[in-house]
Structure formats: C-alpha cells, structure tokens
Undergrad: 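Sharing a structure below in structure tokens format, with a few things to ask.
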Amino acid sequence: MSEDRERPLTEHLEELRSRLFKILIALGIAAAIYIAPINIADMLGGEGFVGMIVSVIKDPHLLFSANFSGGGGYESLSTLFIKYSRQYILPPEAKLIAGSVGSVFTTILQVCLILAVITVLPYIIYHVVAFVWPGLYEHEKRIVRRYMALSSLYIAGGMLAGFFITAYTVIRAGLYWSAAAGAEPWITLQGFVSDLLTSMMGTVAIFVVPVVLLMGTELGFIDPDSEIFRNKKLVYALAWVIIAFFFPDLTTIILLLLFVAVYEPTFRYMKRIKRKRSLNISS
C-alpha cells in the first residue's frame with residue numbers, strides 16, 4: 001500500500017479542495033461555451049461592436065429583439081441542442097410553446113449546465129481517481145485502470161440510449177395518449193426539456209450500474225452468488241421502487257426495461273469474474 005495514507009489529514013483536505021476548484025473552473029468554462037452566442041456576427045449585423053452599443057443605448061429593446069440590427073436572434077450550442085431535440089423527438093404537428101416566459105432562461109441554463117457536466121465528466125472522473133489512487137493496492141489500481149475506459153463507454157452508451165430511445169419513447173407515448181384523450185399536441189419548453197434531461201440522466205444512471213457491479217465483483221466487495229443476486233425478482237423489485245421514486249411516470253417502465261437489459265449480461269459476467277478469481281486464488 002502507498003505511504004500516502006500517512007500524510008496528515010490537512011494535506012488530503014487541501015488536495016481535495018484544489019481538485020474541486022479545478023473541476024468547478026472546468027465546468028464554468030464549459031458552461032460559458034455552451035451558453036455563449038455563436039452567431040455574434042449575425043447579431044451585430046455588420047455594425048461592429050461600437051455600433052451595436054450605440055444602437056442599444058438609443059433603443060434598449062433591440063438587445064432582446066429576435067432580429068437585432070437586421071441579423072439573427074440569440075443562438076447558442078444549448079439552443080441548438082434544444083432545436084435538434086425538438087426536430088428529432090417531436091412529431092411535425094406538435095408545437096413547442098414558451099409557457100412561463102420568465103422560466104425560459106432558466107430552462108436554457110439548465111440545458112447548458114447538464115451539457116457542461118456531460119462534457120467535463122471524464123475530467124471529473126480523472127480527478128476522483130487521482131485523489132484515491134495513491135491509497136490503492138497494486139491489484140486495485142489494475143482493476144480501476146481497466147474499468148476506467150469501460151465506464152466511459154457505458155456512460156456514452158447511456159447518453160445515446162437516453163436521448164434516442166428513452167426520451168423519444170416517453171415523449172412520443174405521452175403525445176399519443178394526449179391525442180387519444182382529445183388534447184392538442186402543445187408542449188411547454190420547460191416540460192419538454194425536463195422530460196428530455198430526466199430521461200437522459202436516468203438512463204446514464206442505469207448504465208453506470210453494471211460498471212459498479214463488475215468493479216465491485218473484481219475487488220471482492222460483491223458476491224454474485226449471494227442471496228440478493230440469486231433472487232432476481234427481489235433485485236427487479238428494488239430497482240422498480242428506486243426508479244419509480246425518482247421517475248414516477250412512463251419513464252419508470254422504460255428505465256426498468258433498460259435495467260433488465262443491461263443487468264442480465266452483467267450478472268452472467270460477474271459469475272465469470274468470481275470463477276476466475278477463485279482459480280487465481282487456488283493456484
């Protein structure tokens with residue numbers, strides 16, 4: 001074991017503070033990139049920065065105009081993500097409305113922050129691993145190193161499945177039932193973004209479960225032959241309760257199906273890992 005454990009607690013806390021600060025800086029930079037206007041040239045309308053300031057002073061409402069100085073309105077990577085999501089998920093007859101105008105900015109900011117977290121996630125994982133790395137045994141370091149790449153693949157897979165499968169299915173099914181009840185297919189921007197992000201992050205959480213189970217089995221913390229894993233009905237019941245607590249709607253069913261789909265092959269591989277560990281110990 002590393003001698004890093006002999007370091008004073010204050011040094012560990014200082015290192016933790018430093019790493020958290022670096023993570024916050026990275027999140028801030030990513031969030032600024034996602035919310036910054038990418039069509040600033042169109043917004044200026046060829047007047048230049050000084051001309052834009054003069055125009056705003058003369059007529060302040062131009063700052064929020066959809067066609068400032070003859071150019072385009074505000075557009076960022078966050079709004080482009082929302083537009084692409086709307087085009088892919090919503091049917092042509094559906095309408096996306098502003099709803100509460102005051103909450104539109106917070107909705108865009110929410111998208112911005114989620115995208116920033118997703119972008120910086122590998123950097124966050126790096127700092128978490130780097131913080132605990134000195135205190136690991138050599139065999140634990142090999143296991144963590146092996147599952148670092150695997151966890152990135154699972155997270156990416158969860159994001160894609162959350163967007164193209166979970167969110168699409170949940171929102172489309174909701175619109176189908178609304179039409180059956182005679183309701184118009186009008187969706188508020190806030191509701192659409194909330195369902196979209198909830199579906200994505202919930203699916204990512206489901207996809208992270210296999211990595212945790214596999215790593216725990218490798219480290220010897222989890223036994224795939226224990227009572228809880230042998231009783232799959234209990235596992236699925238617990239998963240249902242947990243998922244339903246956080247996602248009490250159609251998302252519950254979709255995420256439970258995804259959980260079963262990723263859990264079954266994971267459980268079989270956990271048993272394989274245990275057999276391999278037993279052979280290594282006996283030899």
Side-chain angles (χ1 to χ4, degrees), residues 114 117-118 121 124-125 128-129 132 135-137 139-174 176-177 194-283:
I114 292 296
V117 170
I118 292 174
L121 191 57
I124 297 175
I125 295 176
V128 172
V129 173
V132 302
L136 299 177
Y137 291 100
H139 73 281
E140 293 174 336
K141 290 181 178 180
R142 290 194 296 269
I143 293 173
V144 171
R145 189 182 298 114
R146 184 188 315 160
Y147 282 95
M148 280 282 290
L150 183 62
S151 63
S152 300
L153 293 177
Y154 269 92
I155 291 173
M159 292 176 186
L160 294 175
F163 182 86
F164 292 101
I165 298 177
T166 308
Y168 182 91
T169 304
V170 168
I171 296 176
R172 283 294 182 111
Y176 174 79
W177 287 336
S194 177
D195 290 339
L196 173 63
L197 297 181
T198 298
S199 299
M200 289 182 62
M201 302 311 293
T203 307
V204 170
I206 293 297
F207 270 63
V208 169
V209 171
V211 181
V212 176
L213 294 177
L214 292 174
M215 186 180 298
T217 305
E218 287 270 17
L219 295 173
F221 299 147
I222 298 177
D223 183 5
D225 292 322
S226 61
E227 183 65 26
I228 188 172
F229 287 104
R230 283 186 297 177
N231 191 348
K232 294 184 179 181
K233 293 181 180 179
L234 177 60
V235 174
Y236 295 150
L238 289 174
W240 173 272
V241 172
I242 294 173
I243 295 172
F245 179 79
F246 290 101
F247 312 102
D249 51 26
L250 177 62
T251 315
T252 303
I253 301 175
I254 304 300
L255 291 181
L256 182 65
L257 294 175
L258 285 173
F259 177 82
V260 174
V262 299
Y263 172 81
E264 286 295 332
T266 300
F267 180 69
R268 292 186 176 87
Y269 195 71
M270 288 168 64
K271 288 191 171 185
R272 180 180 174 183
I273 291 174
K274 182 181 178 180
R275 288 195 298 268
K276 185 177 179 181
R277 289 184 72 250
S278 299
L279 291 175
N280 292 336
I281 294 174
S282 61
S283 60

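Remember, it's a predicted structure, so these values are computed and weren't measured experimentally.
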Undergrad: Can you check side-chain contact (heavy atoms from CB on, under 4.5 Å) on Leu214 and Tyr269, steps first, answer last?
TA: CA-CA 8 Å; Leu214 292 174; Tyr269 195 71; 3.5 Å; yes
Undergrad: Which residues pass the ring pair (Phe, Tyr, Trp, His ring centres under 6.0 Å) test with Tyr263, not counting sequence neighbours?
TA: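 So Tyr263 forms a ring pair (Phe, Tyr, Trp, His ring centres under 6.0 Å) with Tyr236, Phe259, Phe267.
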Undergrad: Would you say the side chain of Met270 lies within less than 4.5 Å of the side chain of Phe229, judging by non-hydrogen atoms?
TA: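 A side-chain contact under 4.5 Å exists here.
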Undergrad: What residues, two or more places apart in sequence or in another chain, satisfy side chain to side chain donor-acceptor pair (under 3.5 Å) together with Arg146?
TA: Glu218
Undergrad: Could you tell me which non-hydrogen atom of Ile206 sits nearest to which non-hydrogen atom of Leu258, and how far apart they are?
TA: CG2-C, 4.0 Å
Undergrad: Distance from Ser199 atom OG to Phe163 atom CZ, nearest 0.5 Å?
TA: 10.5 Å
Undergrad: Where do Thr217 and Pro224 come nearest, in terms of heavy atoms and distance?
TA: CG2-CD, 4.1 Å
Undergrad: Roughly how far, to the nearest 0.5 Å, is the CG atom of Leu160 from the CD1 atom of Ile155?
TA: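 Those atoms lie 12.0 Å apart.
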Undergrad: For a quick test of reading the model, state the closest non-hydrogen atom pair linking Leu196 to Ala167 and the distance between them.
TA: CD1-CB, 3.7 Å
Undergrad: Counting heavy atoms not belonging to Phe164, are there more than 12 under 6.0 Å from its CZ?
TA: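 Atom CZ in Phe164 is packed in, count exceeds 12.
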Undergrad: What's the separation between atom OG1 in Thr166 and atom CG in Asp195, rounded to the nearest 0.5 Å?
TA: 12.0 Å
Undergrad: Just wondering, do Ile125 and Val129 contact through their side chains at under 4.5 Å, heavy atoms?
TA: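 Yes. Closest side-chain heavy atoms under 4.5 Å.
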Undergrad: Looking at Leu256 and Ala239, what are the two nearest heavy atoms and their distance?
TA: CD1-CB, 4.2 Å
Undergrad: Could you tell me the separation between the CD1 atom of Ile273 and the CE atom of Met215, rounded to the nearest 0.5 Å?
TA: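 Rounded to the nearest 0.5 Å, the CD1-CE separation comes to 10.5 Å.
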Undergrad: Could you grab the distance from atom CG of Leu257 to atom OG1 of Thr252, nearest 0.5 Å is fine?
TA: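 Leu257 atom CG to Thr252 atom OG1 measures 11.0 Å (nearest 0.5 Å).
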Undergrad: Which heavy atom in Thr266 sits nearest to a heavy atom in Val262, and how many Å separate them?
TA: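 Looking at all heavy atoms of both residues, the closest pair is OG1-O, 2.6 Å.
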Undergrad: Restricting to non-hydrogen atoms, name the atom on Phe207 and the atom on Ala161 that form the minimum distance, rounded to 0.1 Å.
TA: CZ-CB, 4.0 Å
Undergrad: Backbone N or O of Ile222 within a donor-acceptor pair of the Ser226 side chain at under 3.5 Å?
TA: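 Pair absent, no side-chain N/O of Ser226 close to backbone of Ile222.
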Undergrad: Does a sphere of radius 6.0 Å around CZ in Arg230 hold more than 12 heavy atoms from other residues, nucleotides or ligands, not counting ones at 6.0 Å or beyond?
TA: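 More than 12 heavy atoms, drawn from other residues, nucleotides or ligands, come within 6.0 Å of this atom.
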